[in-house]
Structure formats: structure tokens, C-alpha cells
Amino acid sequence: MNTKCKLGQSRSLLLVGLLFFFCFNGYAQNTLISDMDHLKWEKVMPGIWKASFGEMGLNAMDYTNSPNTEAIEELGDLPFPFDKEATYSLLTPTRASIRLPLNETEQIYGLGLEFEGMNRRSNVYSLKVDHYGGTKGYTHAPVPFYISSKGYGVLINSSQRVKIYVGVGNRKDSNLPEVIDRTTGKNWAARPISDAIEASVEGGGMEIYVFTGETNLEVVQRYNLFFGGGIIPPKWGLGFWHRVHTTSSDEDVLKEIQEFENNNFPLDVIGLEPGWQSFAYPCSYDWDSTRFPSPGNFVRTLDEKGIKVNLWENPYVAPSSTMYEDIRPYTGSHTVWLGEVPDYTIPEARQVLLNHHEKNHLNLGVSGYKIDEVDGYDVWLWPDHATFPSGTDAVEMRQVYGMMMQDMFDDYFKEKNTRTYSLIRSAYIGSSNHNFVLYSDYYDHKGYVTAMASASLAGLLWTPEIRSADSAEEWVRRFQTVAFSPLMMLNAWSSGKKPWSFPEVTDMVRNTIELRMKLLPYLYTAFYEYNQKGIPPFRAMVLESGYNDQVTSKNGVIDDVKNPYAEDKRLEVTDQYMMGPSILVAPVFTGQKDRKIVLPKGDWFDFYSGEYAGNGETITIQTKLEEIPLFVKDGAIIPMLTSISKEKKEKSLEVRHYGSKANTFLLYNDDGVSYDYEKGEFSLTELSVEKTRNGELSGNSKALNSNKFTYDTITWKFMTK
Ligand code: GAL
């Protein structure tokens, strides 16, 4: 209700006012937000609604996969989650905007990949695909999807840059807080609280989707399932990745592989950086004949050792490329590093690239790409006024370029019935069903952990890759984080570092990598849940039941040099996250001798010792250099490989149980490389722990469908005595 209508002091005035209100109720409602139209909602699936107005340009959803209808139906239905009457749209000659209600206590999370925090309340974001930094919302994956603590999510489908005001910016005809004099009023606020989220884009329209959920996690599940659910990476993708120095030749790579063997380090993927090409920045995509005279032999040799090859590239085509003449008819008005920018909205352009890549790389056995620079940086990317042959707006082109590339390669690999696991530096709406992981040039360790958590709120996967370090301590700490992430990678493109570059911590690094690799059955099953139910395998704590979001604020003080407005600072816990159903990961940063961990409700146990750690409380632990702190839920069942050697890997399991609860775990397995699992080619094994009559715990396993991908031996280990 509009508090601006203060209805006078006298009784008669009040009566006149009431009469006016009742007689012209319809009129009054429509004019509450005077110049805006009500949004019209249609239900598209159980718990999912859509409203649209005006005309959109490039539809970002053209580069996403179709919904997993069955899984969405299984989640069930819920009523529309907020007041439909308080949802508005407005078209002006230059912008399309919306206004959605926001309750005073509601918390808002999401809006894509972020390095500094996850709670978005009381701020303004310009959601632009870009290098990270500077303006809020400029990031590799600025997904216009937010989650409310009230149990719903909102997606703004537009390929234009969304400018969004989360609980700030007060319309004069809205529910206004009290106006306070700054000189005398204690509660004067630089950002008076507003009762809405308002957002706008340049151009003529947009679509808005609402996803409900009983919990924050269920909202995210519906969002992911709407785009087909999550991916199951090939098993090799969850192993160890090493990107070699950019000037490496085939012989250098073979030497490095030998060193991995000598140092007893596992290796699953070799990444080649720009120097594998005859020309880079812009790119030729052709092998450099001096460094790689025989690429077919090179890829085959690695394949025989069980090592995949991943190739770096960016989308900008060098005049010397063998695909240059073919792609030229389909490129935009401007160049990037003087290379042509293909318009991959055009099917013929996609065909040119795929034909070239198939012939030169994919037919040789290359497993995927690292697609760089699709986020860009204004000073080298095409300008907003550039033109493209399809007529696609240049701003929209930039916003979805990364998704276009992901979609194109995913479709290719799927058609070949081979899974890829690749890297990309930008993503956008509906990314969960694409086999790509995000990375950055930014390198703050704590920011990397926050990014991993924030990625889970927007259907994204993130790698906190390790590149280099200033000390052995930093080296091992970063290794521990990357080992507990979607993609475990040393990116030595410039540093030339090896996992053993800091000898004093080599054993610790090796043990960390081994632990991650032993957890493969657990992690692989977590990805299966991502695929089937949309549950992110790496999750922000706000998606965990029993977690009490620890957002507190610190009263601001006036700083008349930096900020003459005393603004409250929000303190959020962003340095811990969940991996799979029951492991809480709490990375340690250089110099931290102790650290706090917020445990959700329920009993939690130390992963290494099985000892009780706490319940619904904040604990402080003394850190150990050799260990990344891991905590496990009561009743957790964690299947682990007993050996990570390539020959013995899939043979036997040790299944750990923590705490005292009986429980079951549905273990998933398949061939690890193809899409045959979509045709039912997989095994599910029920691992269950029961309490026997004398109170002892006993573990059992039962193959549920086929024995094709089950383990020969299973040993139970009860960790909590
Ligand atoms: C950067 C990328 C790095 C590395 C480098 C090679 O743009 O983020 O990871 O690949 O290019 O030139």
C-alpha cells in the first residue's frame, strides 16, 4: 500500500478518502505504479511461470538445451511465489524495464559468477560479459538469474546487458520508508530500503521466468532442469590436468609426461596453450609445424598413455589460417587483434569452424578446447556499434558468444557420442547442460573459492586453477582448493611450474591429488545427481538445508576521503562450500593458522579422523598444512577407490561411513566416456548402512539394475568409533 497517501488528520477527510478508494479501487490499483503495465504470467511447467513483453533481439535460450520435463514434474508444483499484482513492465522508446516485489527481510543471491560475495541485496549491477573487475556485475558469467530466500528464483531472459537494482532506487509512487534528516536522524541511510527489484535493458522487450522451490536448492534444481539438468563429465575430466608452457614442443611435452611418471604424479589431460598453433592472437588453429611436426602421432602417443589433449584457442581468425578465406563471408565489421570475428549465429559459419577443427584436431583424437577471450575487454573486443552479417546486435553477440561456442562444440561431441570436458571464459543463461568449466586471469585465492560457490547459484562450473605461487605454503593451499573443485588443473602456460616445483610440499600436493582421485566414485555420482536432479555437485552453503546464512552487517563509519556516506558493510561467509551430498570443504588460505567453519544443523564429523566436530554452530579449528579441512554429515556414505593406478582404478572400493545414522547411497557408474548412459547403459549400486540388533553398524551393497559397471570388491570402513 502506498504510504505516501497519508490520509489527512480530520475524520471527514478520512471518510472521503475511503470512499474514493472503494469507488475507484480498480483505478487506484492500476495507478499505484502510475506508468507501468501489469505483467501477465503463464504457467509453463510445474513451479515455473513466464511473462514477456515487447520484442526481444537475439534469444539467449537458443543456445541452451531443452527441459528435463520428467524431473521437473517429479519435483511437484507450488503456488506462484509472490504477489502477481505487484509485477510490472514498462516500455519506453529506448528501454524495457520490470519491477518485481521485494519484501523487507528477503535476501537475494545469484546474478552469476562473482568473486566477492553472494548476497546481492541493496546494490546495483550492470550484468555485462567481461573480464572480472571494476563495475559490479562485469564478470565472465553475469547470469541474470537471482534466488530469493523466500523460495523462488527469477530469470530475466535478454541478451542485452541487464541493469538491475536490488532493493535500491525508490519510486515516488512506491511503498516508501520514512524520510529522515541526515543531520539529526540516526537512521538516515545512503541507500533507503526499497520494496522492489527493478531491472532494465536497452531495446524492445524481454522474457521473465519465475522458478519456485520449497528450498533455495529446489529453486536452483528447477532452474537447472529447465535447461536439461547438469552434465556428467567424462571420467578423465575429473582427473589431473596439466597445461604446459606456451612455447612447449611435442618433445617437451613428452619429457614432462615422463617427469610426471618419475615423480609418481597422476596425469589425465595435457593442455596445449597458444604456442601449439602456427599463429596466435589472432588464431590460425593450424598446428605449428616446427613445434608439432606430426600432430596425429603426438595425440596418438598420449592417448596410448591414457592422456587426453586439450587445445587452447580464441575465436579471432588470423589471416594466415587455413580457414580464413572460408570464414570471411561470415565475419563482423571489426577485428580483434586484427583477426576476423566470425558470426556463429550463421549455420554456415559454424560449419566452416567445425569442418576445419574436425579435420585438423578432432579426427586426431583431441578431447576438447579451452576457449579463451570470449568475455573480452572493451579495449580489444569489438565495439558495441560493430555490425555482423546476420544483423545481430553487437552487444547481444558479446553477451552470448561464449554460450554459442559451448553449444556448437557440445552438439558436435554429442553427435559423435563422445563426452568432452572443456574450458571457457564466458557463460550466460542456461549453462548447466554444457560440458564447459569457467576460469579467469584473476587470481585471488579467496575470490576463487567464492566463485566456486557463487557458480552453483547460476548453473555454472568453475575451476580455481593453480598457476603459480609465492611460497610453498601458498602452493599447497591452492592445490588443496583446486583438488576440491570441478576441474583440477595446473595452468603453467606462463610459469612453467610442475606439481613438484616446491619440493618441501611435494608429498602433500601428491596426497591431495590422490585423495581427490580416490573420491571419484563419490564425485561422479554427485555429477549424476546434477544431471538427473539439477543438484550442483559443488554448492554454496546457502543451498544447504540447516544452514543459517550468516549475513551480518558492520556499522559503517564516515570516511571523508574514500566515502563520505557511512554505509553498513555486509559480512558474509563465502569461504566454504559443499561437495556432493555430504562433504563440507573449508579451504585454508596462506597465513591462516586457524579458521572458523559454520556447520549447518545436524551432527558433523571430521573427514580424516571420523571424530565429532559440532552441530549447527561455528567452530574454530587449528589448521594443518598437509590437510584441507573437510567435514562430513552424520550418516554420510562415501565410496572411494582403493587405488588410482590406471590398471587397478575401477576394481575395488572402500566405502566409508561417518557418525551413527543408518543411511543409503545410490552409487552411479557408467563407461565414463560416451552418452550411452542416456540409453540406460549404467549401473546403480545401493550402498546401505543398517544398525544391527546389538547396535553395531553393518554395510551392504546391492546392484540395482546391471552389473556392467560395478566394482569387484567393496570394503566397509566405519570412521566414527
Ligand atoms: C589468457 C588465459 C590464460 C592463458 C593465456 C595464454 O587469456 O586466461 O589462461 O591461456 O591467455 O595466452
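Note that this is a predicted model, so its numbers are computed, not measured. Start at 1 and go down the list; that is how both ligands and their atoms are numbered.
Compare Tyr377, Trp493, Tyr281 by their heavy atoms: the one nearest to atom 11 (O) of ligand 1 is in Tyr281. When the heavy atoms of His131, Arg425, Lys370 are ranked by distance to atom 9 (O) of ligand 1, first place goes to Lys370.
Ring to ring, Trp380 and Trp337 are close: their centroids are under 6.0 angstrom apart. For Tyr448 and Tyr443, the gap between ring centers is short of 6.0 Å. The ring of Tyr412 has its center no closer than 6.0 angstrom to the ring center of His357. Remark: aromatic rings of Trp312 and Tyr281 are close, center separation under 6.0 Å.
Checked against Trp462 for a ring-ring contact (aromatic ring centres under 6.0 Å, His included), the options Phe115, Tyr577, Phe436, Tyr132 give a single hit: Phe115.
Each of the following atoms of ligand 1 lies closer than 4.0 Å to a heavy atom of Glu273: 4 (C), 5 (C), 6 (C), 10 (O). For ligand 1 and Glu373, the ligand atoms under 4.0 Å from any heavy atom of the residue are 7 (O).
Using a 4.0 Å heavy-atom cutoff, Asn491 is listed among the residues neighbouring ligand 1.
Nearest non-hydrogen protein atom to atom 1 (C) of ligand 1 is Asp372 OD2, 3.1 Å. For atom 8 (O) of ligand 1, the nearest protein heavy atom (residue, atom name, distance) is Asp441 OD1, 2.5 Å.
Within a 6.0 Å sphere centred on CD of Glu251, other residues, nucleotides and ligands contribute 12 heavy atoms or fewer.
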